[in-house]
Amino acid sequence: MLTLVTGTTGQVGRRFVPRLLAQRRPGEEVRVLVRDASRGEPFAELGAQVVVGDLRDTEALGKAVAGADAVVNVAASFRGVPDEEAWAVNRDAAVELGRAAQAAGVQRFVQVSTGLVYGVGRGRPLTEDDESRPGGAMWGAYPESKAEAERELLALDGLDVRVGRLPFVYGEGDPHLAQSLMWAGNWAATQRLHMGHHVDVAQGLLRILNAPGVAGRVYNIADDAPVTAVELHQLNGVEIPEELYSRTDPDPWVAITSTERIRRDLGYRPVYPSVYAARDAGAL
Ligand SMILES: NC(=O)c1ccc[n+]([C@@H]2O[C@H](COP(=O)([O-])OP(=O)(O)OC[C@H]3O[C@@H](n4cnc5c(N)ncnc54)[C@H](OP(=O)(O)O)[C@@H]3O)[C@@H](O)[C@H]2O)c1
C-alpha cells in the first residue's frame, strides 16, 4: 500500500504526513510531491518517498501516482494568489491528478476541500447534501475552484473519490489563528468562525482515507464550538475594536458546518472540541 500526499510543505500537509507515517503498518509506504527538492528532505528523514514536481505539470503527476494505491490531495493555491492560479491549481490540476490516478489504477482518492464551498448560509449548520450556493462575503475564486474540483473529481468514472471539507484550521504553532484578525477585525462582534485543530483535521482525513465502502462520500470536518470575532481578539490577546459592536452579522451561518455525518459514519470525535480546550492543553 503506497499513499501519495500533495501539499505537504503547507500548514495542513506538514502536520498530516507525520501522522499518516505514524499509523503505517508493515509494508505501507508514503510518498510526497514537493515543488522544491530541499523541502522534501524532512519527509525523507521521516521515511517518506519524495517526488519533485509541480501539480500543474502532467508529467510530474504521472511520476507521482505511479504505483500508488491511494492519493490525498492536500495541495491548493489560495493565499494571496491571482485567480488564474487558484483555478489552475485548485480545479484544473486537482482534476488532472484525479485522471492520472484513475489511469494508474489508484484505488482511493481523498480530495481536501473547504467548508467555504457551500457559499451563503442556510440558517442552520451546513450538511454535505447542501448544494453550493455562490455568494456571500467569503465567496471568490478559491471556494469556487474547490467546489468545481469536487464536482469534477466525484464524476470521474471508476475512481473511488472521497472529499473532506475543512474548517478554519489552527494549532501547533500555525500562525493562522493570529491571521484570523485580518478578517475578524472587520466583522460584527457576534460573527463566528468554525474551526478545527490540526490534530482533528488529521484525524478526520485519516478516517476518510482508511474507511472501507465510502466511495463518493463527502464529509465535513470541524470542532464543536465556532468562535466569535470578539473571542478571536481575546484569544489573540488583542483589544476588541469598538466598531465590532456597531456592525451586524450579514450571514450568521456562513461556513458553519454539521459534523453529524463524519461522527456517525466514521466515528470522528474532536480531540479538541473547542479552541479553548486546545489552548488549555497548550496545543495552540
Ligand atoms: N488552512 C485552513 O484553514 C484550510 C481551511 C479549509 C480548507 N483548507 C484546505 O486544506 C488544504 C491545505 O491548506 P493549507 O492551509 O495547508 O495551505 P498552504 O499552507 O497554503 O499549503 C499549500 C500547499 O499546496 C502546495 N502547492 C500549491 N501550489 C502547488 C503547485 N502548483 N504544485 C504543487 N504543490 C502546490 C504548496 O506547496 P509550496 O510549499 O511549494 O508552495 C503547499 O504545500 C488546501 O486544500 C485547502 O483548500 C485549508
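These numbers come from a predicted model, not from an experiment. When a ligand or atom number is given, it counts from 1 through the structure's own listing order.
Near ligand 1, Gly7, Thr8, Thr9, Gly10, Gln11, Val12, Arg35, Arg39, Asp54, Leu55, Arg56, Val74, Ala75, Ala76, Phe78, Arg79, Val89, Val112, Ser113, Thr114, Tyr142, Lys146, Leu166, Pro167, Phe168, Val169, His176 each place a heavy atom less than 4.0 angstrom from the ligand.
Residue pairs meeting the ring pair (Phe, Tyr, Trp, His ring centres under 6.0 Å) criterion with at least one partner in residues 143-188, sequence neighbours excluded, are Phe168-His176, Tyr170-His197.
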Donor-acceptor pairs under 3.5 angstrom involving side-chain atoms of residues 275-284: please list them, not counting sequence neighbours.
| residue | atom | partner | partner atom | Å |
| --- | --- | --- | --- | --- |
| Tyr276 | OH | Glu231 | OE2 | 2.7 |

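Of the residues Thr127, Asp130, Asn220, the one that meets the side-chain hydrogen bond (donor to acceptor under 3.5 Å, both in side chains) test with Tyr118 is Asn220.
No side-chain N or O of Arg207 forms a donor-acceptor pair with one of Tyr219 less than 3.5 Å apart.
Phe43 pairs by the ring-ring contact (aromatic ring centres under 6.0 Å, His included) definition with nothing, not counting sequence neighbours.
No donor-acceptor pair closer than 3.5 Å links the side chain of Thr259 to the backbone N or O of Ile221.
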